[in-house]
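Here's the structure we're looking at; comments come further down.
Keep in mind that what you see is a predicted model, and the values were worked out from it rather than measured. Just so we're on the same page: letters track the sequence lines, and every chain starts at 1.
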Amino acid sequence: MNKKLGVYVCHCGTNISGTVNINELVEFARSQPDVKVARDYKFMCSDPGQALLQEDIKKEGLDGVVVASCSPLMHEPTFRKACEKANLNRYQFQMANIREHCSWVHTDKVAATAKAKALLSGALGKARYLAPLPSKKVPVNPATLVVGGGIAGIQTALDIADSGTKVYLVEREATIGGHMAKFDKTFPTLDCAACILTPKMVSVGQHDNIELMTWSEVEEVTGYVGNFKVKVRRKARYVDEEKCNGCGICQEKCPYKAPSEFDHALSKRKAIYMPFPQAVPKIPVIDKETCVYYKTGKCQACKKFCATDAIDFEQKDRIEEIEVGAIVLTTGFQVFDASKMTPYGYGRLPEVYSALEFERMNSASGPTGGEVRMKNGQKPKSVALVHCVGSRDRRFNEHCSRVCCMYSLKFAHLIKERTGAEVYNFYIDMRCFGKGYEQFYQRLLDEEVRFVRGRVASITDFALDENEKGKLVVRVEDTLLAETRRIPVDMVVLANGLEATADAPMVARTFNISTGKDGFFIEKHPKLAPVSTATDGVYIAGACQGPKDIPDTVAQGSAAAAQVLSVLARGEIEVEAATSEINEELCAGCRICNTLCPYTAITFDPVKETSRVNDALCKGCGTCAAACPSSAIHAKHFTDQQIYSEIQGVLYDARA
Amino acid sequence: MTHEPKIVAFLCNWCTYTGADLAGTARIKYAPNVRAIRVMCSGRIDPSFIIDAFAKGADGVLMGGCHPGDCHYINGNFKTFRRMPLVTRYLEQYGIDTKRFRFEWVSASEGDRFAAIVNEFTATLKGLGPLKLRTEGIVVPQPADPSDQKSGGHAPRGAMARPEARS
Amino acid sequence: MAKIKLGAYWASACGGCDVAILDINEKILDLAAAADILFWPIATDFKYADVEKMPDNHLDVTLFNGAIRNEENEHLAKLLRQKTKTLVAFGSCAHMGGIPGLANLFNREQIFKAVYLDSPSIDNKDSTVPHRTTQVPEGELTLPEFHNTVRKLDQVVDVDYYVPGCPPNPKRIWEVVETIVSGKLPKKGSVIGASEMTQCDECKRKKGEKKITEFKRLATAQPDPETCLLEQGFLCMGVATRAGCEHRCQRSNTGCRGCYGPPPGVYDQGLKALSAIASVVDADTEEKAAQLVGALPDPVRYFNRFSIPASPLTRRAL
Amino acid sequence: MKYIYYPGCSAHAGGRAYDESTRAIAPLLDLTLQELEDWNCCGATAYMNVNEVLSFSLTARNLALAQKEKAPVCTPCSACYTNLAKTNSYLGKFPELKTKVDTALAEAGLKYDGSVTTKHLLDVMVKDVGLDKIKSQVKKPLTGMKVAPYYGCQMLRPISIDDNPENPSVLENLLKTLGATPTKFELRTWCCGGSLMGTNDEVALRLCRNLLLSATEGGAEVIAVTCPLCLTNLEAFQGRVNSMFGTKFNIPVLYFTQLMGMAFGLTDKQVALKRSIIPFRRKPQTAVET
């Protein structure tokens, strides 16, 4: 083939020309086959620089352009645009990185120039076989799937739905609300969680653009950004969601009880129940384990009293298929199980509570109606708050859970307020980084809450002297007083850390994203793409990405919504053109490639007995091409031939 | 004059190539013997590329990818580490010192490490001296030209031979 | 129609290719009818001198089998190239170096030592090894030079066509003969008498998604005759080998050896097979991967069994 | 099952009851305890604080001797156990220490390759011999006997036997197997004062007092121990504890091996009951006519 290539060497001021002999490099370029023009310029990325190659493309009819300058990660888009403006396909442009990979890292001018030649000749080698690729666009399905109905999911769903587009909100529990629904107050403002959350829950329930799918889980996701197909399992509720009007008579009449999950077993709920009065949707669910009907076939109290005949004991799980253009994961976190830390006696010593149990105890709608009471009904005279339970601990979670310091301060305040008890905080470091947080800490200091700097060793009910009798003794090394102390208290509240949900890896697999060492989902870029993931069209928000307080979670929820809307607004999206392609003439259907694609872009056609690439799914990694034993797979823009030619190029000066 | 080994480096776009860029922006100096070829994923690196580089006169081949688990394409580098142990043994059987072939996981933030690896590798190769292959007047087989579908697997001699390649 | 002038020669090879020509059975008569065989040492009595006497391009077609192992092979290759219009590399050895090519993992000295000195079955008290020339009372005796490196035919002379196979499948041979006689030959440098696709295209075994959990060997395990051997962990070169042989090996429940060479567009058959097979081992950690593929006893002799001289490195570094 | 038996110094002095009862029950469990030839001090107590290398070298000598026997080392003493285990792991972890110790050993014409495994007798009983085998030997179950299971510290820290050092249970399980009732003993993993009794008895006595308090509160009639030093502190110093804190402790302390012996139907003499300072009266059903 006969190519007409143009070579443009950039001085980048003195960044390149200071180390690389530009003239020598240009001369070298001229000596190369297929090179029609070779020029140099102070700043190729500048307008006149771009104009330079644009003129040549038109005048000389170049069908390939090589710019020797900085890293392609820096300016490839710039020059690709420039080429396109001159009607040269963006994929007929190639860059030689003689700055980051050469002039900036070498000092010896001769060696640097020789290397620059190698890199340029490599780029030329590739350019000789570059081919134009058409840009591909696919339409975007305007609906969105939000997975997880906690505050993050609620925020995201509302923001998107308010813009007038459809949202499916899938929640595995019987109601939305997530952890926040269990809280009484929120730090540092101490405004009531329910007061700010329930209105949002209600508007989700009533929103015309939100289709709420509670008691449901996502089973399978196929497709790609703009066009996902999702299978949702609607678990049998044994209550017809259409018929039920949420009157609650069934709960009243149901004679059987079980510990309430929502109240962490501090109270009981019926066999047919709504987790809590403000639940959305106001539709109960039957707990098959507890319901006597499923054991004896008798009772049916709920059915008898139901005015709308909504009870359906025979209901089965069903799979619903939906199609969406974008997905937001807001699957949240789970709290650390404190019983793993035997010395703290959680589960063994009755007056040792987990943070969420204590939240419920404080809640006006909770088991004690918001009163802080011990099991014996008494008010505690002294309470210990133990920080970092399962956080900042190599044995369990190395990370800091970010919220424990603050919610412990909140607890301290509530305890003081409601019982006047002596309150001790046992902390490693106080981390009060948010807006108004440090001020809140100061306020608590003024309220004469005690702060003991030291990690608690153990909590015991063994008394060494009279004033320890009947109390829980917190043993701790006070690192400020440099002595070990025994502090007797009536009640201990553990600040359980936040950790990734146990099924996070499975969820990650379903949605084709990845989890980090700490188990939380990995964002595309920790700073510049915090709610995007490596999979286009799948976003994450809230504590599923890492421990977060409510303000940060809500902020991320809105951020994810904005990301989604920007995709939907485009109406169509450009998909990578440098994808893989299978030549069916050569594909013998060995199916080696079938399992290799991380995006399941390769499917096997049993009729033709050949494999095929769905280039909307393909991200162009080229793994399949490297493995295809019959060279039937062609990795566009990184073809075997382009790479072999590039290898030949970089070894221009090697003995063959 | 001492022998200056030629290293062909196949670097994945997202981690190692970016890491090498970082070495640049941080002005970390290293040996000029390495010549990078950018691919999108280390999974794209066909063992044939590595062998071809040796056949075309490289004294060493370096391969860089994302740390397993951090692959931009989720698990492209899994395929890489499945292939590479065999490539090493293949080289061994062809009498090429396996120290001439390295594959390393270098993340986008490990510019200093990239530089260190290149320096260390260059030193090793200087120690080994130039790679001497064959040959009793055998012409290096050339990669086939896909446009030439009927070729015997190996295109006619010099199909892609460029004047500068024969020296 | 005028009969074509046919030559056939056997260089460094086992002779199987010549036998395969005879395996076209009764068609041998049609061959005789269509062609005058002017040179075929295994079947007919000709001397090299007869060939030397021929005018250039006297032979229309020569089917040249065997690799170039020594001076004699090389001399005949050059001679026949000169006397032949259409030179065909016939069989794996001429095509890619074949089994003799395995010797490229050693050099002359090692080979002589193994064959003439160390071999347990040999009785060679005065340790005689071949020499190019030997003085005897009657004068000087000469042997053809034994080269260090085995070469495929097109590494010595220009080749017009390639017929792969160890040996080529008789059906294909007859087709090739017909093509030659008909004169409807494809463009120079083509592989003829084989498919453009790999073995999997013809192989009748059930093929599913590939995930190799361990490598098995016939010595210790029995493959299921219905399903793809590779999926069962038995190495099979079929994925990277041209079809055409009627997948003889797979039909006899053993993996393809790769004698039909790479499909068009494949640079090196061995490396492609290596890449393909390693890519589908069931290992998600480096340790597991190393351990799994580590179980392959002899990668090069397996993946490049017939094609070491054709591989990019062509031989073990000297 | 064969083990190299490393009794440690106290087994031949204060802890003879431990040694005798162990030797008495071992055969019943097909347990061969071959005493280590020419063993020396484990390097416990003062050594470790005065001269670490010397301490490690002492233990290393024992290990080097045991190495020849090609069997795991078993010791009844927690202090010995800790020192043996610690030496094993440190010699692996710290090459510079190893070189020093190696030179010391070389002087004695010895060499240690780190191959010896070291176990505490309790671990051997529960994990290697196994509760089933033990159960099969129980002739006179200790029914109704309330026993405070005392682990002490060195068996669990820093290098624990095969159990959860923060919430161990092997000793309880053993006692249940013998038919006894393990009582709630909050401080069962706390320090007995160890060798502080010799240097700072005030502290040591307070620690003992805490233990005795915790044990008696649980309603125990006897404390089961796994270490001669623990026994000495808990038993021999009850008088001083009482006079110092005005308490009235008078609770027998026995080695778990003695309890095993009783349950196996051995005589008071065989399990060396008479060596106790605070006499332990066996209930009729476990008593054996002597």
Side-chain angles (χ1 to χ4, degrees), chain A residues 129 505 508-509 514-515 517 580-598 600-612 621-636 638-648 651 654-656, chain C residues 194-213 227-231 235-244 247 250 255-256 258 260-284 293 303 312-314:
Chain A
Y129 293 92
R509 240 175 280 118
S514 27
T515 55
K517 285 188 184 62
S580 287
E581 159 182 79
I582 298 183
N583 177 347
E584 293 186 353
E585 296 297 304
L586 291 176
C587 177
C590 68
R591 307 193 64 180
I592 285 280
C593 56
N594 290 187
T595 53
L596 299 183
C597 181
T600 61
I602 303 180
T603 49
F604 182 70
D605 179 338
V607 183
K608 286 194 187 140
E609 291 195 326
T610 55
S611 295
R612 124 154 46 78
C621 68
T623 304
C624 53
C628 176
S630 52
S631 287
I633 303 184
H634 181 69
K636 289 185 236 155
F638 288 89
T639 66
D640 286 3
Q641 202 176 20
Q642 288 165 356
I643 293 170
Y644 285 127
S645 177
E646 192 172 353
I647 296 171
Q648 181 112 58
L651 289 168
R655 59 195 157 51
Chain C
S195 157
E196 297 292 295
M197 286 214 208
T198 59
Q199 296 267 327
C200 307
D201 182 46
E202 285 181 355
C203 179
K204 300 277 173 293
R205 291 168 177 264
K206 282 201 271 14
K207 296 176 209 66
E209 293 187 339
K210 307 264 181 294
K211 191 162 239 194
I212 301 177
T213 50
T227 40
C228 169
L229 288 148
L230 210 48
E231 281 161 41
L235 283 175
C236 176
M237 283 289 286
V239 288
T241 305
R242 272 184 197 261
H247 50 102
Q250 295 93 314
C256 165
Y260 259 59
V266 167
Y267 178 16
D268 179 60
Q269 184 187 14
L271 287 164
K272 259 307 183 188
L274 178 152
S275 182
I277 292 171
S279 299
V280 295
V281 298
D282 181 17
D284 288 352
V293 299
F303 292 113
L313 298 170
T314 70

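Rounding to the nearest 0.5 angstrom, the gap separating the CD atom in C/E231 from the SG atom in A/C590 is 10.0 Å.
Nearest approach of A/S631 to C/G265, heavy atoms of both residues: OG-O, 3.5 Å. The two residues C/V266 and A/P629 make their nearest non-hydrogen contact at CG2-O, 3.5 Å. Residues A/L596 and C/S279 approach most closely at CD2-O, 3.4 Å, considering heavy atoms. Among all heavy-atom pairs drawn from A/N594 and C/E209, the shortest one is CB-CG, 3.9 Å. Of all the heavy atoms in A/I592 and C/V280, the pair that sits closest is O-CG1, 3.5 Å.
Not a single donor-acceptor pair under 3.5 Å links the side chain of C/K210 to the backbone N or O of A/R591. Within the 3.5 Å criterion, the main-chain N or O of A/A626 finds a donor-acceptor partner in the side chain of C/S275. Remark: side-chain polar atoms of C/K207 are not paired, donor with acceptor, to backbone N or O of A/E609 under 3.5 angstrom.
Contacts with chain A were tallied for C/L230, C/D201, C/V239; C/V239 has the most, counting heavy-atom pairs under 4.5 Å.
Looking only at side-chain heavy atoms (C-beta outward), C/P264 and A/L586 come within less than 4.5 Å of each other.
Only the backbone of A/C587 comes within contact range of chain C, judged by heavy atoms closer than 4.5 Å.
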